[in-house]
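On a predicted model such as this, the values are computed, not experimentally measured, just so you know.
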Amino acid sequence: MRFGATILDAEGLRLSADEISLFRETNPFGFILFARNIDSPDQIRALCDDMRNAVGREAPILIDQEGGRVQRLRAPLWREWLPPLDHVAGAGDEAERAMFLRYRLIAAELRDLGIDTDCAPMADLAGEATHPFLKNRCYGSDPETVARLARAVADGLMAGGVLPVLKHIPGHGRATQDSHFDLPHVAADAEELDDTDFAAFRMLNDVPMGMTAHLVYDAIDDRPATLSPPVMAMIREQIGFDGLIMTDDISMKALQGDLAELSRASLTAGCDVVLLCNATLAERRAVAEAAGEMGETAQARAEAALAARQNPEPLDIQAAEEELSCLMGGMVYGG
């Protein structure tokens with residue numbers, strides 16, 4: 001049985017009867033949680049069970065738990081993390097170990113709730129002009145450092161039994177606009193991009209899943225990367241990424257047009273699965289029907305990503321917290 005080529009969300013704390021019916025009919029590859037889906041540990045576990053029962057399998061359940069501004073699980077029930085860039089700065093020479101421990105603890109929180117996929121690490125490069133919506137979510141400004149720290153993030157998640165999703169491939173750091181509201185353009189030439197932004201992702205091309213960037217690389221194509229066959233081919237051939245590629249949310253304002261048409265265009269361009277968030281039931285149905293089932297290659301990538309899931313390695317949470325606090329001089333958590 002092929003997976004549906006979508007990742008969908010839910011409106012509330014539990015699935016409605018209509019949502020259960022939609023998910024049974026369209027068999028989305030996976031699901032994603034937002035703040036509106038979060039109340040208590042038991043409620044989240046029940047929602048995850050609802051989602052998996054609807055499709056009759058251990059479907060991946062995703063969340064954005066980067067820490068800082070982008071984290072769906074928050075205090076007082078869960079840890080409140082510093083922004084990643086601040087965390088890296090606070091750890092100094094110990095940043096690699098500190099990032100591993102941070103995301104190993106995040107993985108423990110997620111797995112306890114039934115969540116097995118985190119939309120992290122980010123390998124976007126922070127520059128002077130990087131838009132504030134993204135900048136402090138980054139790990140650094142040079143590809144070698146960013147790739148090294150992103151690898152630590154991915155390793156921390158994997159050790160905790162959580163799949164990492166590498167984003168925003170092939171690089172969002174040059175965006176001077178927020179792609180939630182506008183379509184950024186990148187004017188850098190192809191050689192410069194290959195030496196910098198793309199290089200970070202090339203060093204991480206074995207991560208099992210990736211998420212696209214909604215921005216235009218003028219040197220490559222006049223379409224957003226998510227909808228661009230030349231950019232998607234470059235990701236596969238030049239960067240060498242052969243994992244499962246999901247779109248960023250196609251309802252973001254960087255993309256314009258009918259959602260069903262956007263879903264078809266992203267799959268035609270070379271994405272494997274369409275992420276749709278914050279949509280009505282009718283819109284989710286239209287996108288699921290337009291996306292249809294995964295093709296043979298996408299299905300193989302999806303199965304390989306799921307096969308990469310592993311049982312969590314043993315973790316002494318108190319010891320991990322104490323080590324991280326020592327590395328950070330006590331400044332581990334945000335407020």
Intermediate values then yes/no, side-chain contact (heavy atoms from CB on, under 4.5 Å), Gln177 and Leu183 = CA-CA 7 Å; Gln177 294 173 293; Leu183 177 60; 5.9 Å; no
Say whether, by atom type as modelled, one donor and one acceptor occur between the side chain of Arg52 and the main chain of Ala59 under 3.5 angstrom.
-> yes
Nonpolar side-chain network containing Leu244, other nodes, edges under 4.5 Å = Phe3, Ile7, Phe29, Ile32, Phe34, Leu62, Met158, Leu163, Val165, Met209, Met211, Met246, Val273, Leu275, Met294, Leu306
For Pro60 and Arg57, which heavy atoms make the closest approach, and how far apart are they?
-> CD-NH1, 4.4 Å
Would you sort out whether Ser16 and Asp18 count as a side-chain hydrogen bond (donor to acceptor under 3.5 Å, both in side chains), showing the intermediate values?
-> CA-CA 5 Å; Ser16 68; Asp18 287 340; 5.3 Å; no
same_hphob_cluster(Val162, Leu204) at 4.5 Å side-chain heavy-atom cutoff | no
Phe241 and Leu157: same hydrophobic cluster, using ILVMFWY side-chain contacts below 4.5 Å?
-> no
Enter the distance from Trp78:CH2 to Ile38:CD1 here, rounded to the nearest 0.5 Å.
-> 6.0 Å
Shortest non-hydrogen pair, Ala188 vs Ala219, comes out as O-CB, 3.6 Å
Output for pair (Gln43 CD, Leu113 CG), nearest 0.5 Å, gives 9.5 Å
Option passing salt bridge (charged side-chain N to carboxylate O under 4.0 Å, His left out) with Glu19 (candidates Arg285, Arg284, Arg14) | Arg284
Check the surroundings of atom CG in Asp93: do more than 12 heavy atoms from other residues, nucleotides or ligands lie under 6.0 Å from it?
-> no
Identified side-chain contact (heavy atoms from CB on, under 4.5 Å) counterpart of Glu191 within the set Leu193, Asp195, Asp194 = Asp195
Examine Phe133 together with Phe181 and report whether their ring centres are nearer than 6.0 Å.
-> no
Can you find a pair of side-chain heavy atoms, one from Thr130 and one from Arg137, that are under 4.5 Å apart?
-> no
Quick check: does any side chain N or O of Ser251 sit under 3.5 Å from a backbone N or O of Leu276, one acting as donor and the other as acceptor?
-> no
Do Ile250 and Ser263 pass the side-chain contact (heavy atoms from CB on, under 4.5 Å) test, and can you show the C-alpha distance, the side-chain angles, and the key distance before you say yes or no?
-> CA-CA 7 Å; Ile250 63 166; Ser263 69; 4.1 Å; yes
With the threshold set at 4.0 Å, does a side-chain nitrogen-carboxylate oxygen contact exist between Arg104 and Asp155?
-> no
Do Leu73 and Tyr103 belong together in a cluster built from hydrophobic side chains that touch within less than 4.5 Å?
-> yes
Within a strict 4.5 Å, meaning less than it, do heavy atoms of the Tyr217 and Ser228 side chains meet?
-> no
Electrostatic pair Asp206:Arg151 at N-O distance under 4.0 angstrom | yes
side-chain hydrogen bond (donor to acceptor under 3.5 Å, both in side chains) evaluation trace for Ser21 with Glu25 | CA-CA 6 Å; Ser21 177; Glu25 291 172 28; 3.0 Å; yes
With no hydrogens and no angle check, is any side-chain donor or acceptor of Asp249 less than 3.5 Å from a backbone partner on Cys277?
-> yes
Is it true that Glu58 and Arg309 have a side-chain N and a carboxylate O under 4.0 angstrom from each other?
-> no
If you round to the nearest 0.5 Å, how far is SG of Cys119 from CZ of Arg72?
-> 8.5 Å
Kindly give the heavy-atom pair with the smallest separation between Pro121 and Ala150, and that separation in Å.
-> CG-O, 3.4 Å
Validation row: Arg148, Met203 side chains within 4.5 angstrom (heavy atoms) | no
In terms of heavy-atom contacts, Leu262 and Gly257 come closest through CD1-O, 3.7 Å
Residues clustered with Met252, ILVMFWY side-chain links under 4.5 angstrom = none
Given His131 and Asp178, is the side-chain hydrogen bond (donor to acceptor under 3.5 Å, both in side chains) satisfied, shown in steps?
-> CA-CA 7 Å; His131 192 280; Asp178 184 345; 5.0 Å; no
Heavy-atom distance under 4.5 Å between the side chains of Met122 and Leu134, does that happen here?
-> yes
Closest non-hydrogen atoms of Thr212 and Cys271, given as atom of the first, atom of the second and distance, are CG2-SG, 3.8 Å
The reported gap from CD1 in Ile63 to CG in Asp116 (rounded to nearest 0.5 angstrom) is 11.5 Å
Trace of the side-chain contact (heavy atoms from CB on, under 4.5 Å) decision for Asn278 with Asp9 | CA-CA 7 Å; Asn278 307 309; Asp9 60 359; 4.3 Å; yes
Stepwise salt bridge (charged side-chain N to carboxylate O under 4.0 Å, His left out) check, Asp118 with Arg102 = CA-CA 13 Å; Asp118 192 8; Arg102 169 187 171 117; over 6 Å; no
Pairs touching residues 161-171 that satisfy side-chain hydrogen bond (donor to acceptor under 3.5 Å, both in side chains), sequence neighbours left out | Asp64-Lys167, Glu66-Lys167, Asp124-His168
Check whether any side-chain heavy atom of Asp86 sits under 4.5 Å from a side-chain heavy atom of Met331, and report yes or no.
-> no
In sequence, state the C-alpha distance, the side-chain angles, and the governing distance for Leu105 and Trp81, and then conclude on side-chain contact (heavy atoms from CB on, under 4.5 Å).
-> CA-CA 11 Å; Leu105 289 165; Trp81 296 98; 4.0 Å; yes
Look at the side chain of Arg174 and the backbone N and O of Ala129, then say whether any donor-acceptor pair between them is shorter than 3.5 Å.
-> no
Straight-line distance of Leu47 CG to Ile61 CD1, nearest 0.5 Å | 7.0 Å
Side chains of Val146 and Cys138 in contact at under 4.5 Å (non-hydrogen atoms) = no
Side chains of Pro170 and Asp197 in contact at under 4.5 Å (non-hydrogen atoms) | no
Are Val216 and Met234 joined in one hydrophobic group, where the rule is that I, L, V, M, F, W and Y side chains link up if heavy atoms are under 4.5 Å apart?
-> no
Interatomic distance, CG@Asp248 vs NE2@His214, rounded to 0.5 Å, equals 4.5 Å
Can you check whether Leu125 reaches Ser141 side chain to side chain, under 4.5 Å on heavy atoms?
-> no
Ile169 and Leu255: same hydrophobic cluster, using ILVMFWY side-chain contacts below 4.5 Å?
-> no
Using atom types as modelled and distance alone, determine if a side-chain donor or acceptor of Gln71 lies under 3.5 Å from a backbone N or O of Gly68.
-> yes
Minimal heavy-atom distance between Asp182 and Ala254, with the atoms involved, is O-CB, 3.3 Å
